[in-house]
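Worksheet: one structure, shown below.
Indexing begins at 1, ligand by ligand and atom by atom, following the structure's order. The first residue of the sequence shown is numbered 1, and numbering continues consecutively from there.
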Amino acid sequence: MDLQQTLQETFTRQFNAEPTLICSPGRVNLIGEHTDYNEGFVLPAAINKAIYLAVGPRTDSQLHFVALDLNETYMGSLDAIAKTNTWADYLLGMVDQFRQAGLNVGGLNVVFGGTIPIGGGMSSSAAIENGVAVALDHLYNKDQTDRLLMVKLGQRVENHFVGVQSGIMDQFASMMGRANHVIKLDCRSLEFAYAPLNMDGVRIVLCDSRVKHALASSEYNTRRAECEAGVRMIQARYGEQIRSLRDVTMPMLDAYVREQEPLLYKRCAYVVQENERLVGAVAALDGGDLETFGQFMYGSHEGLSKQYDVSCAELDTLVDIARTVPGVLGSRMMGGGFGGCTINLVRADALDLFTQTMQEQFLAHTGVETLLYVCQIQNGTEII
Ligand code: GLA
């Protein structure tokens with residue numbers, strides 16, 4: 001029995017009603033990492049790994065959530081929403097944000113499960129948040145809620161409920177994705193454009209390091225603070241016209257941060273250069289030049305590993321192995337870091353060789369088996 005059917009049947013058995021089904025995808029990011037909270041650019045897309053939610057209203061003010069994959073249940077009341085430090089926080093946080101935003105909320109039944117590997121860096125948490133947002137929109141707000149508002153509420157769930165100071169990329173990509181397109185997103189203005197991704201002859205393949213990002217949230221918040229500290233140093237010279245690293249150039253960093261604060265310099269230089277790489281990569285993509293695009297991906301990994309220091313030995317190993325395979329255009333760690341997956345751009349005719357090499361070599365180097373996922377790009381969160 002497939003997942004959607006299982007969710008539907010579990011919901012009906014448990015709540016004695018027919019659910020609405022929602023598909024909320026995970027995301028990949030081709031390039032532009034740790035740039036979103038610095039008001040820079042990102043290039044993500046929603047993928048065919050998703051969280052599926054069977055949802056329905058209740059006549060009382062109870063919240064009843066079932067995590068199918070974990071076989072766990074949360075039960076509580078709308079009037080006593082409090083952090084649990086469990087998966088339930090992604091759902092509770094969204095209910096809370098909806099209410100704080102003045103939108104309608106009500107009792108809610110949810111049974112959910114998914115095909116996004118948890119901790120794989122494909123943003124299962126953003127997918128859950130978006131799924132609950134679309135549920136509340138559909139059940140209690142007549143499908144009238146602005147999608148961008150729901151994206152922002154998802155980021156607020158992370159920032160204010162869960163306690164990770166993450167940017168807006170994950171929720172944006174999962175909610176706004178479009179099949180066969182990547183999203184060129186300016187995280188300062190939130191202006192965006194869809195760029196068709198011609199996948200004739202190439203594949204996007206994720207390789208899972210199998211490392212769960214335990215350090216991720218504390219180190220993530222530290223990186224963000226380091227970037228802000230760098231911005232303050234430049235502000236001291238240039239004034240308030242410098243709002244974020246988006247306004248900072250390499251000559252500024254060379255003049256005012258390099259000698260004074262070498263560690264902050266490395267962090268900030270990575271972000272400034274990653275934005276430059278993204279601009280170059282987008283130009284290459286527009287020109288159909290995936291070879292050049294891939295080189296920018298390698299550059300991104302180098303920066304993430306050596307300057308921004310958010311990679312780990314297993315991710316570096318995956319990239320090093322990928323480099324040796326003919327037909328691999330580019331490879332880099334993806335997402336927040338400290339584990340999760342690498343994203344690889346691989347010629348279709350090299351896919352078998354790539355798969356075999358990655359599996360054999362990663363096992364030989366680490367004693368652990370990598371898992372590979374070939375991604376298709378699909379629509380953002382939607383009712384199915
Ligand atoms: C995580 C965050 C995003 C983004 C990436 C790094 O996925 O949730 O906002 O900062 O890390 O690019």
Side-chain angles (χ1 to χ4, degrees), residues 24-47 49 89-90 93-94 116-130 151-177 182-188 190 192 206 209 211-228 244-246 267 270-275 277-278 281 296-297 299-301 303-305 307-312 315 332-343:
S24 193
R27 62 104 186 88
V28 291
N29 185 28
L30 289 174
I31 194 162
E33 217 66 270
H34 287 275
T35 45
D36 60 353
Y37 54 84
N38 288 302
E39 299 195 325
F41 306 106
V42 292
L43 197 64
I47 56 170
K49 295 272 172 209
D89 287 346
Y90 301 110
M94 185 52 81
I116 309 179
I118 304 292
M122 292 171 228
S123 301
S124 50
S125 56
I128 296 173
E129 289 152 8
N130 284 346
V151 168
K152 290 178 183 167
L153 294 181
Q155 188 191 10
R156 291 185 64 88
V157 172
E158 297 286 344
N159 294 173
H160 300 296
F161 203 84
V162 179
V164 183
Q165 299 309 312
S166 52
I168 203 160
M169 170 171 73
D170 301 348
Q171 290 78 12
F172 196 103
S174 168
M175 182 70 84
M176 310 295 270
V182 291
I183 308 172
K184 298 183 197 171
L185 171 63
D186 177 339
C187 298
R188 166 170 273 177
L190 296 185
F192 66 102
L206 305 183
S209 68
V211 179
K212 300 274 178 253
H213 37 260
L215 270 175
S217 57
S218 62
E219 286 294 316
Y220 188 99
N221 291 349
T222 304
R223 290 300 171 282
R224 194 165 174 160
E226 288 167 345
C227 292
E228 285 162 7
S244 68
L245 285 179
R246 172 73 172 273
R267 306 297 196 239
Y270 161 75
V271 173
V272 171
Q273 290 164 357
E274 180 73 349
N275 273 320
R277 274 188 291 268
L278 183 139
F296 284 116
M297 291 175 75
S300 171
H301 183 78
L304 285 160
S305 177
Q307 294 169 288
Y308 215 60
D309 208 11
V310 292
S311 185
C312 61
L315 287 167
R332 59 179 207 80
M333 58 147 274
M334 186 180 77
F338 303 101
C341 292
T342 60
I343 177 168

Heavy-atom contacts with ligand 1 below 4.0 Å: which residues, ordered by chain and residue number?
R27, E33, H34, D36, Y37, S166, G167, M169, D170, Y220, G335, G336

Taking S174 as the fixed residue, which of N130, V151, I128 is the one that meets the side chain to side chain contact (heavy atoms under 4.5 Å, CB included) rule?
N130

With a 4.5 Å cut-off on side-chain heavy atoms, are [Y] and [X] touching?
{"X": "T342", "Y": "M334", "answer": "no"}
{"X": "V28", "Y": "M122", "answer": "no"}
{"X": "F41", "Y": "K184", "answer": "no"}

S123 and R27: side-chain donor and acceptor closer than 3.5 Å?
yes

Between S166 and Y220, is the side chain to side chain contact (heavy atoms under 4.5 Å, CB included) condition met? List the steps.
CA-CA 8 Å; S166 52; Y220 188 99; 3.7 Å; yes

